Amino acid sequence: MRLFSEKVHLIIRNIPRGRVATYREVARAIGRPRAARAVGNALNRNPYSSKRVPCHRVVRSDGLVGGYAKGVKAKIKMLEEEGIEIRRGGVNLNKFGFKF
DNA sequence: CTAATGACCATTA
DNA sequence: ATAATGGCCATTA
């Protein structure tokens, strides 16, 4: 629990199936409220499996899906398989957002 | 040490 | 509504 990226991964493990968190919220949860961009970078090089670190459940603060190392298509597919609805490239955070 | 690079964000045009 | 802009920050070259 030393590197920034490690904190990010640990936090994200708590996001349950069928829910999402935003890059911004993750940044806030680790005490670096303005490091949302750095969070995305950490996930981009995420070395873990999607099982242990479900980084596909992290979206942008405006609800849009955001990026994914393996392609946005794959990200959307995984989210939908968990029951999360994607409309116009985004999710309803009031409905599927997870509060830490 | 400096510069560049983004899975970001909010504002402005 | 879309596009550009400036700011942000950990990591890497």
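Bear in mind the structure is a predicted one, so any value in this text is a computation, not a measurement. Naming convention: chains lettered A, B, ... in sequence-line order (proteins, then strands); numbering from 1 in each chain.
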[N] OP1/OP2 closer than 4.0 Å to side-chain N/O of [X]:
{"X": "A:R34", "N": "C:dC9", "answer": "yes"}
{"X": "A:R32", "N": "C:dA10", "answer": "yes"}
{"X": "A:S61", "N": "B:dC9", "answer": "yes"}
{"X": "A:N41", "N": "B:dG6", "answer": "no"}

Worksheet item: Going by an N to O cut-off under 4.0 Å, is there a salt bridge joining A:R19 and A:E82?
Response: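 Not counted as a salt bridge, because no side-chain N and carboxylate O are separated by less than 4.0 Å.
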Practice prompt. Go through B:dG6, C:dT11, B:dA7 for me and flag the one nearest to the A:R45 side chain.
Written response: C:dT11
Worksheet item: Between C:dT11, B:dA7, B:dG6, which nucleotide has the shortest distance from any of its atoms to the side chain of A:A69?
Response: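 Per side-chain heavy atoms of A:A69, the pick is B:dA7.
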Atom-to-atom span, [atom1] of [X] to [atom2] of [N] - whole angstrom:
{"X": "A:H9", "N": "C:dT11", "atom1": "NE2", "atom2": "C1'", "answer": "12 Å"}
{"X": "A:R24", "N": "C:dC8", "atom1": "CZ", "atom2": "P", "answer": "13 Å"}
{"X": "A:L79", "N": "B:dA7", "atom1": "CG", "atom2": "P", "answer": "17 Å"}
{"X": "A:R37", "N": "B:dA7", "atom1": "CZ", "atom2": "P", "answer": "9 Å"}
{"X": "A:L64", "N": "C:dA3", "atom1": "CG", "atom2": "P", "answer": "13 Å"}

Worksheet item: So which nucleotide does C:dA10 pair with, by the Watson-Crick or G-U wobble rule with both distances under 3.5 Å?
Response: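 Paired with C:dA10, as far as the under-3.5 Å criterion goes, is B:dT5.
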Worksheet item: Is there a donor N/O on one and an acceptor N/O on the other, under 3.5 Å, for the side chain of A:Y23 and the base of B:dA7?
Response: yes
Worksheet item: What is the nucleic acid contact for A:F4, judged by heavy atoms within less than 4.0 Å: base, sugar-phosphate only, or nothing?
Response: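 Sugar-phosphate contact only.
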Practice prompt. Using a 4.0 Å heavy-atom cut-off across all strands, classify A:A35 as base, sugar-phosphate, or nothing.
Written response: sugar-phosphate
Worksheet entry | A:G67 backbone acceptor or donor facing A:K75 side chain under 3.5 Å | yes
Discussion item. Tell me if a side-chain donor or acceptor on A:E25 pairs with a main-chain N or O of A:A21 at a distance below 3.5 Å.
Written reply: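 Answer holds: no.
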Discussion item. Rounded to the nearest 0.5 Å, what separates atom CD1 in A:I11 from atom CD in A:E6?
Written reply: 13.0 Å
